[in-house]
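Scroll down for the structure; my scribbles are underneath it.
Naming convention: chains lettered A, B, ... in sequence-line order (proteins, then strands); numbering from 1 in each chain. These figures come from a predicted structure and were not determined experimentally.
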Number of protein chains: 2
Amino acid sequence: MPTIYDVAKLAEVSPKTVSRVLNGEPAVAEETRARVLAAMKQLDYHPNAIAASLKRQRSNIIGFVVPYGSEFVFQDPNMMEQLRGVHDVVTQAGYDLLLSVPVERKDALSELLRLVRNKNIDGVILYPTAGVERIIKELNQKNFKYVTLERYREDQQTNYVRINAVAGVYQATRYLLEKGHRRIGLINKPASFFNYCCSEDSLINGYASALAEAGMEVDAGLVETGDYTFEGGYQAFMNIREREPGVTAVICASDPMAYGAIRAAEDGGMAVGRDLLVVSGDNLPLTRKLYPMLPALSNPSFEQGRYAGDMLLTLIKEKRDLPGISLDARFVPPKGL
Amino acid sequence: MPTIYDVAKLAEVSPKTVSRVLNGEPAVAEETRARVLAAMKQLDYHPNAIAASLKRQRSNIIGFVVPYGSEFVFQDPNMMEQLRGVHDVVTQAGYDLLLSVPVERKDALSELLRLVRNKNIDGVILYPTAGVERIIKELNQKNFKYVTLERYREDQQTNYVRINAVAGVYQATRYLLEKGHRRIGLINKPASFFNYCCSEDSLINGYASALAEAGMEVDAGLVETGDYTFEGGYQAFMNIREREPGVTAVICASDPMAYGAIRAAEDGGMAVGRDLLVVSGDNLPLTRKLYPMLPALSNPSFEQGRYAGDMLLTLIKEKRDLPGISLDARFVPPKGL
DNA sequence: GTGAAAGCGCTAACAT
DNA sequence: ATGTTAGCGCTTTCAC
């Protein structure tokens, strides 16, 4: 493989001049630049990014570390949407994306440390999980740039992009109340998953406010917690139905859980859309297609990824922290209303 | 950041000895090794992977380039399964995965070239697309290691992992015939997508053989081609139904197309499972959950990814080409039969 | 506008 | 078992 020296020799200039052409630096005569470019072409020269990284002390690679094990991650449509958002924005900025999903869930933190310490990467997008605080501390100490999806602590002020579903759930609940529903189930997200710390954005808050406005109280029998999966949603709805056979609507914190609830309802002889209204939790494209008539909470996961990527790139460029961002989930009423 | 020299000084050994400890080379006295490790710990030393890469002339990074645009890719469950397979196997072998999905579909080939030429990566997994042949030629010339998912040419002999659905479709068709179905639809995969060259593994072959054995011929009115998407499946079934109102079963080449066909059937007033039997195309976990009663073709996409990753690692290690692999899709009869 | 020299942090080759 | 030397391919002073 030809190096910058080979090009320099052929073009009869110094290596530094070749480097200048490579990096589009201005102080090069047009005629010289042309000669250098011709030499590159003739030799089929391509710069070695690793050598440049070593000297520059940065790799132009962004890391994305996702805990929870690959089996879950690659089948979770929201994570894929976040990944897509991050990918698109960093790719277009000329960075590459190093994707790391610990095969075993328990390796998530050490994997993160490995990536960061070996500093192949210029920054990292990560999910807060239990135990991450120690790592964030190390990142801060080393002045290593990161953005978290959701917050790792309730008092985190900077460098996160989160989604707040409370307003969406409030609207969904109001909508259902207005339609005459009185026994409204809620399949909430787990208290300790992404945002394992932050109780304030539990869906229960929006749900409870809307009920309170209608002079109603939360009935514990109507509330369940799922684990974001189909199975979790299935079981949760089964439990709710057993306790509250009169349930006529259910709000789900995620689409897979909504699918589970739908199957549970149908297995129990209910006709979804007639006996039971299901509010899905993410409004994934697939959900819109499978169940076009159902209302939904719309989770801007893709935008979350985009903002996170953007924020990280700015962090890297400007070397300062940025205030965290909250994106509100929206309520999408059913088609034709 | 401390370097290998700092560690060497503190441990009172040479840098080379530190390097030996780092790489687990045998010829180090136990006592020395302990001293070095202690020094590393004291300094919070972590090796710089970029420097090692420059010297070693390899990065321990595998590239995965997926064409078709990120919007499609991250929402396609089969691609995600392949990605997961590749990811798991290379990760466990100590490699990192660089994921590259050109945001614009037309940039796929140049993206591939960029990755390869800058040789940040030790090898690449790629999909054959129109025009890829030129690039494969360059890869061969430079002795750069790659594995293709599906073949880029009918006569490709090495370095691919493909899925052959013909046997599965044959079994599916036989099953349906035995159950008494006579008007069996087929929503085939497009002739030019992954394996844009290879007509031999068109589903039509397995379909036609099974029909022929039963003394029947292929009725062109029952066959459509989709583009792997929900919309494609929807439209395809609509077309089939219009031409052949008596259709009682349909075999789909992918799960999203099966979802589309199901929706089309239901929109047309058919009850899936009673009026129409749908054989889904991939047997994704989600499909098993949403439609547990339907028969399916089972597409081993995850295994395809694993084999591709394995093959690439072997290619890199042994510096030789390997014969291509075909994985047969299976037919999975409906539950309870 | 261009060039010479030094060095990023590591490892391979060749000592001893 | 351990050390010395050189150099991977580039960019960064600092000079002219």
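- For the pair B:Asp6 CG and C:dC8 C1', the computed distance is 13 Å after rounding to whole Å.
- Classification of B:Glu138 and B:Arg134 as a salt-bridged pair fails, no side-chain N sitting under 4.0 Å from a carboxylate O.
- Residues B:Val28 and A:Pro2 each lie close to DNA chain D; by heavy-atom proximity, the contact nearer the 5' end of the strand is made by B:Val28.
- Rounded to an integer number of Å, the gap from A:Glu25 CD to C:dG1 P is 12 Å.
- For A:Ile4 and D:dC8, the CD1 to C1' distance is 14 Å, given to the nearest whole Å.
- Counted within 6.0 Å of CD on A:Glu71, heavy atoms from surrounding residues, nucleotides or ligands total 12 or fewer; the atom is thus considered open.
- Residues from residues 42-61 of chain A lying near DNA chain C, meaning a heavy-atom separation below 4.0 Å, are A:Leu54, A:Lys55, A:Gln57 in numerical order.
- Within the structure, a side-chain polar atom (N or O) of A:Ser14 is placed less than 4.0 Å from OP1 or OP2 of C:dG3.
- What separates NZ of B:Lys9 from P of C:dC10 is a distance of 14 Å, to the nearest Å.
- The phosphate of D:dG3 has OP1 or OP2 within less than 4.0 Å of a side-chain N or O from B:Thr17.
- In terms of the salt bridge (Lys or Arg N to Asp or Glu O under 4.0 Å) criterion, residue partners of B:Glu31 (sequence neighbours excluded) are, by chain and number, B:Arg35.
- Checked for salt-bridge contact, B:Lys142 and A:Asp44 meet the test: a charged N lies under 4.0 Å from a carboxylate O.
- In this structure, CZ of A:Arg20 is placed 11 Å from C1' of D:dC14, rounded to the nearest angstrom.
- Taking only side-chain nitrogens and oxygens, B:Thr32 comes nearer than 4.0 Å to OP1 or OP2 of D:dT2.
- Two residues, A:Arg33 and A:Tyr5, neighbour DNA chain C, and the one matched to the more 5' nucleotide by heavy-atom proximity is A:Arg33.
- Toward the 5' end of DNA chain C, the nearer of the two residues A:Glu12 and B:Leu22, judged by each one's closest nucleotide, is A:Glu12.
- Between A:Gln82 and A:Ser301, the side chains place no donor N or O within less than 3.5 Å of an acceptor N or O (distance only, hydrogens not considered).
- A sub-4.0 Å separation between OP1 or OP2 of C:dT11 and a side-chain N or O of B:Ser19 is present.
- Between the side chain of B:Asn159 and the main chain of B:Asp321, no donor-acceptor pair closer than 3.5 Å is present.
- Defined by atom type and a distance below 3.5 Å, a donor-acceptor pair is missing between the side-chain atoms of A:Asp76 and A:Tyr68.
- Spacing between atom NZ of B:Lys16 and atom C1' of C:dC14 amounts to 11 Å, rounded to whole angstrom units.
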